[in-house]
Amino acid sequence: MSYTALYRKFRPDNFDDVKGQDHIVTTLKNQIINNRIGHAYLFCGTRGTGKTTIAKILGKAVNCENPVDGNPCGECRSCKAIAAGNSMNLIEIDAASNNGVDNIREIREEVQYSPAEGKYKVYIIDEVHMLSIGAFNALLKTLEEPPAYVIFILATTEAHKIPITILSRCQRYDFKRISIDTIAARLKELMEIEGVNVEERAIRYVAKAADGSLRDALSLLDQCLAFYMGQDLKYDNVLEVLGAVDTEVFSDLLRKVIDCDTTGCIYKLEELVLQGRDLNQLVVDFTWYMRNLLLVKTSDGVEDVIDVSTDTLALLKEEAAMVDVDVLMRYIRIFSELANQIRYSTQKRILIEMALIKLTKPSMENNLDSIIDRLNQLEKKVEQGAVVNPQMLAQFTSGAANGAGNGSASRGAGSSGKLMRKEPIRPSQEETEKIAGMWKEIIVALSDIHRSDVGMMLAGTNALVGRGDNELVITGCSQMAADFCSSPDGIEAILDAVEQRYGTKVELDIKFMTEDDSAESFGFTKVVPEFTMEVEIDDNEEDF
């Protein structure tokens, strides 16, 4: 007899064996027990979460001659026929290859005939989102008012592609990703049935790699068992088969990054490449490792959230003291961007090497988090007794300020002007006029510093110099905008935006002029200057 894959061998044949979807199982069982069975169901969720399995169990249960607490008995003629795939009452249709109008018309013709035996004809349409618009329209009327003996079960991984007219006629059930604990417990249970010894760490790694899909977990475990046939399955064996990388390797790589050891990082990557590790998975897992480190760094009691061993948690806590939050977020940003770039690249190794060089050499970037990382490195060198060249320091701080002035950073970028001047200056009239001239840019900068509410209030306004040299009058405000923006928080946001665009912190007296205010009260004879334009008429131009 040919070998049966684990995910097929252990596919649940009753509701009680389904794992991780209790909210759906309980509802369906209650419907069967109380004879409140719907005519159309829509099962939505990611791959391997049990959509087709539960659809088959439901089809079996509604036709079972002796249901037990909502479950099919598995012993009657109908249950055995469905289990063997010989029943005429359970029809499975793959919408990916049967997605035309003619296919749906065949279904409409078939539903006119009642089942020869059993209570219901159950149609399971898998990947229903693949149907054409015409096919959906052809299905609509039958789905809305099917014969009493017909049940439709539609399954999809992309519910957003289903027309609203179809959605409104179905009972929708959303399948959740299955938790790592639930998958690991099920795998352990099945390995005991199979009589195979699998290390606990190996099971949990497979469960995590499955990404919420129990079917994927069984397929991965099947692959590992086939490679080490007849042997106990260890954690290192799973890493080798799946092309994954051990946590200790990530710890070693991260420490090299923190120490700015570019050469060491490249050698470590070379080692992983020679071992045949999957580079896509390397990027994903290293990003995940840094995410766990960020949680340890910023939160208390995260042991249950990050799901790592005691030894790994000890490493994370040790490394958390070695890196700042801003720097760690920079690392995560770079590798998150890399994860998107590397997916379809043919030069994966080069992209990873470039990312590692960026991590170890923050001077290559002008982002705020890179500037902070460079400052931290400079502080470490000073603490270690290094002598800092004043010219290099001036060049460094100037580059930081330019990064802020270019708007490449967010709220903190404005404060980088403090590298140039610690105390705010009191601008001259000429300087205030310059600030007023860049008012539109300042409004845009308000969004960059997370105060888009103030920016929206000031959209369409203008800025003029008032009576004093450092008095900036905002004209064209509504009364509500004036009240809102003149609050301490609003003034602070405006000054931060001025600092970001002007390049240094200034001491401004900001006032708001509404439509009800007189220009004279602010020292203006006219708020909006008049513009004149001379028009020269050419007498030689012919009339039309």
Side-chain angles (χ1 to χ4, degrees), residues 3-12 17 19-20 47-50 177-255 268 271-293 295-296 302-319:
Y3 175 73
T4 303
L6 289 178
Y7 79 88
R8 293 179 58 200
K9 182 177 181 179
F10 292 107
R11 168 170 275 176
D17 287 340
K19 304 299 180 182
R47 71 196 187 283
T49 51
R177 290 180 183 270
I178 305 173
S179 68
I180 294 176
D181 289 336
T182 301
I183 294 177
R186 180 62 172 168
L187 295 182
K188 186 175 181 181
E189 176 186 340
L190 298 182
M191 289 303 95
E192 289 175 355
I193 295 174
E194 289 286 282
V196 178
N197 293 323
V198 182
E199 195 175 33
E200 179 73 19
R201 291 175 65 199
I203 284 182
R204 290 199 67 83
Y205 187 86
V206 170
K208 179 182 174 183
D211 193 25
S213 169
L214 184 54
R215 183 180 64 210
D216 287 2
L218 287 169
S219 297
L220 292 173
L221 188 58
D222 213 352
Q223 179 181 346
C224 296
L225 291 174
F227 193 87
Y228 290 95
M229 187 65 66
Q231 305 178 40
D232 293 348
L233 189 62
K234 304 294 185 182
Y235 176 68
D236 291 338
N237 302 147
V238 170
L239 295 179
E240 184 176 354
V241 173
L242 300 183
V245 180
D246 191 5
T247 303
E248 294 181 359
V249 175
F250 293 135
S251 176
D252 186 27
L253 181 60
L254 179 66
R255 290 169 187 253
K268 176 60 68 175
E271 180 183 329
L272 296 173
V273 170
L274 292 177
Q275 292 175 2
R277 303 305 186 189
D278 185 282
L279 295 184
N280 283 34
Q281 193 64 37
L282 167 66
V283 173
V284 172
D285 287 348
F286 189 45
T287 307
W288 191 260
Y289 182 84
M290 291 188 290
R291 169 260 187 189
N292 290 342
L293 182 59
L295 289 178
V296 171
V302 294
E303 288 81 0
D304 297 331
V305 178
I306 61 177
D307 189 44
V308 295
S309 65
T310 304
D311 293 339
T312 302
L313 183 61
L315 279 175
L316 290 172
K317 288 182 176 179
E318 182 180 343
E319 289 161 358

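Excluded from the calculations below are hydrogen atoms, water molecules and symmetry mates; all remaining heavy atoms, backbone and side chain alike, are included. If you read the sequence from its start, that first residue is 1, and numbering goes on from there.
In plain terms, the two heavy atoms of Arg47 and Asp216 that are nearest each other are NE-OD2, 2.7 Å. The nearest pair of heavy atoms linking Ala217 to Ile183 is CB-CG2, 3.5 Å. Taking every heavy atom of both residues into account, Leu272 and Val249 meet most closely at CD2-CG1, 3.7 Å. Closest non-hydrogen pair, Gly48 versus Ser213, comes out as CA-OG, 3.2 Å. Residues Phe10 and Glu194 share a closest heavy-atom pair of CZ-OE2, 3.5 Å. Between Thr4 and Arg8, the shortest heavy-atom contact is CG2-CB, 3.8 Å.
One finds a salt bridge joining Arg204 and Asp181 here, because a Lys/Arg side-chain nitrogen approaches an Asp/Glu carboxylate oxygen to under 4.0 Å.
Between the side chain of Asp222 and the backbone N or O of Leu6, at least one donor-acceptor pair lies under 3.5 Å. Counting only distance, with no hydrogens or angles, the side chain of Thr182 and the backbone of Ile178 share no donor-acceptor pair below 3.5 Å. Between the side chain of Asn237 and the main chain of Lys234, a donor-acceptor pair closer than 3.5 Å is present. With hydrogens and angles ignored, the 3.5 Å screen pairs a side-chain donor or acceptor of Arg277 with a backbone N or O of Leu239.
Between the side chains of Glu240 and Tyr228, at least one donor-acceptor pair of N or O atoms lies under 3.5 Å.
Atom CD of Glu248 has 12 or fewer neighbouring heavy atoms from other residues, nucleotides or ligands inside a 6.0 Å radius.
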Could you please spell out the steps behind the side-chain contact (heavy atoms from CB on, under 4.5 Å) verdict for Arg291 and Leu295? CA-CA 6 Å; Arg291 169 260 187 189; Leu295 289 178; 3.4 Å; yes
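Classified by interplanar angle (parallel below 30°, tilted 30° to 60°, perpendicular above 60°), the ring pair Phe250/Tyr289 is tilted.
In this structure the side chain of Arg201 never reaches within 4.5 angstrom of the side chain of Val238, judged on heavy atoms.
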